[in-house]
Amino acid sequence: MTNSINSCTILDLPKIHNRAGNITALENNISLPFEIKRVYFLYDVPGGECRGGHAHKELEQLIVAVSGAFDVMIDDGNEKKVIHLNRPFRGLHIVPGIWRELLNFSSGAICLVLASALYQESDYIRNYTDFLNFKIK
Ligand code: TYD
């Protein structure tokens, strides 16, 4: 699996603005690089907690800080990078084969995740050594 962290990009999401506030709408095959099969969100993350700590073999995700802020550490086995997400109109596209950790959640932060497939435990790599072995295959 040759995907590198450079394949993970920040997408500027559409924003409809008026004086009463903003709307960001995401539509399949228009504003996203994959078809959405699942949506989930992380919330009530206690201060100092870390989520993620795994990679996916095939799943693609778009991660958005719809409220508050957090950091996403991405790692392709060679190189790591930390991306700070703090805007609801900005999404981090994570391609398959990338180890990720989500950390430094602000109080009340909500992490929205759009995913390209239904939940499947067999798509997870939860052990870092297994991840490195997967990368050299
Ligand atoms: P996990 O993806 O490991 O959480 P995180 O990466 O945020 O730390 O999922 C935690 C638990 O929730 C695990 O037991 C599987 C379950 N889960 C589902 O049942 N469906 C889902 O869509 C997700 C994302 C998790």
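Atoms within a ligand are numbered from 1 in the order they appear, just like the ligands themselves.
Not counting sequence neighbours, the partners of D12 by the salt bridge (charged side-chain N to carboxylate O under 4.0 Å, His left out) test are R90.
Counting heavy atoms under 4.0 Å from ligand 1, residue E121 does not touch it at all. Within the 4.0 Å heavy-atom criterion, neither part of L102 lies near ligand 1.
Closest protein heavy atom to atom 4 (O) of ligand 1: R51 NH2, 3.3 Å. If you check which protein heavy atom lies closest to atom 2 (O) of ligand 1, you get Y124 OH, 2.6 Å. In terms of protein heavy atoms, atom 22 (O) of ligand 1 is closest to R38 NH1, 2.5 Å. Atom 15 (C) of ligand 1 has its closest protein heavy atom at Y119 OH, 3.2 Å.
Contact annotation for atom 12 (O) of ligand 1: protein absent (non-hydrogen atoms, distance under 4.0 Å). For atom 7 (O) of ligand 1, a protein heavy-atom neighbour is present inside the 4.0 Å cut-off.
Under a 4.0 angstrom heavy-atom cut-off, R126 registers as being in contact with ligand 1.
Side chain of T24 to main chain of P14: a donor-acceptor pair is present (N/O by atom type, distance under 3.5 Å, no hydrogens or angles).
Heavy-atom proximity to H54, at under 4.0 Å, picks out these atoms of ligand 1: 2 (O), 6 (O).
Electrostatic pairing of R126 and E121 counts as a salt bridge here, judged by a charged N lying under 4.0 Å from a carboxylate O.
A centroid separation of less than 6.0 Å is found between the aromatic rings of F131 and Y128.
Other residues, nucleotides and ligands place more than 12 heavy atoms under 6.0 Å from the OH atom of Y119.
Using cut-offs of 30° and 60° for the angle between ring planes, the H54 and H56 rings count as perpendicular.
Residue L42 has no nitrogen or oxygen atom sitting less than 3.5 Å from a nitrogen or oxygen atom of ligand 1, judged on distance alone.
A distance of 8.0 Å separates CG in D71 from CG in L85, rounded to the nearest 0.5 Å. Rounded to the nearest 0.5 Å, atoms SG (C8) and NZ (K81) are 7.5 Å apart.
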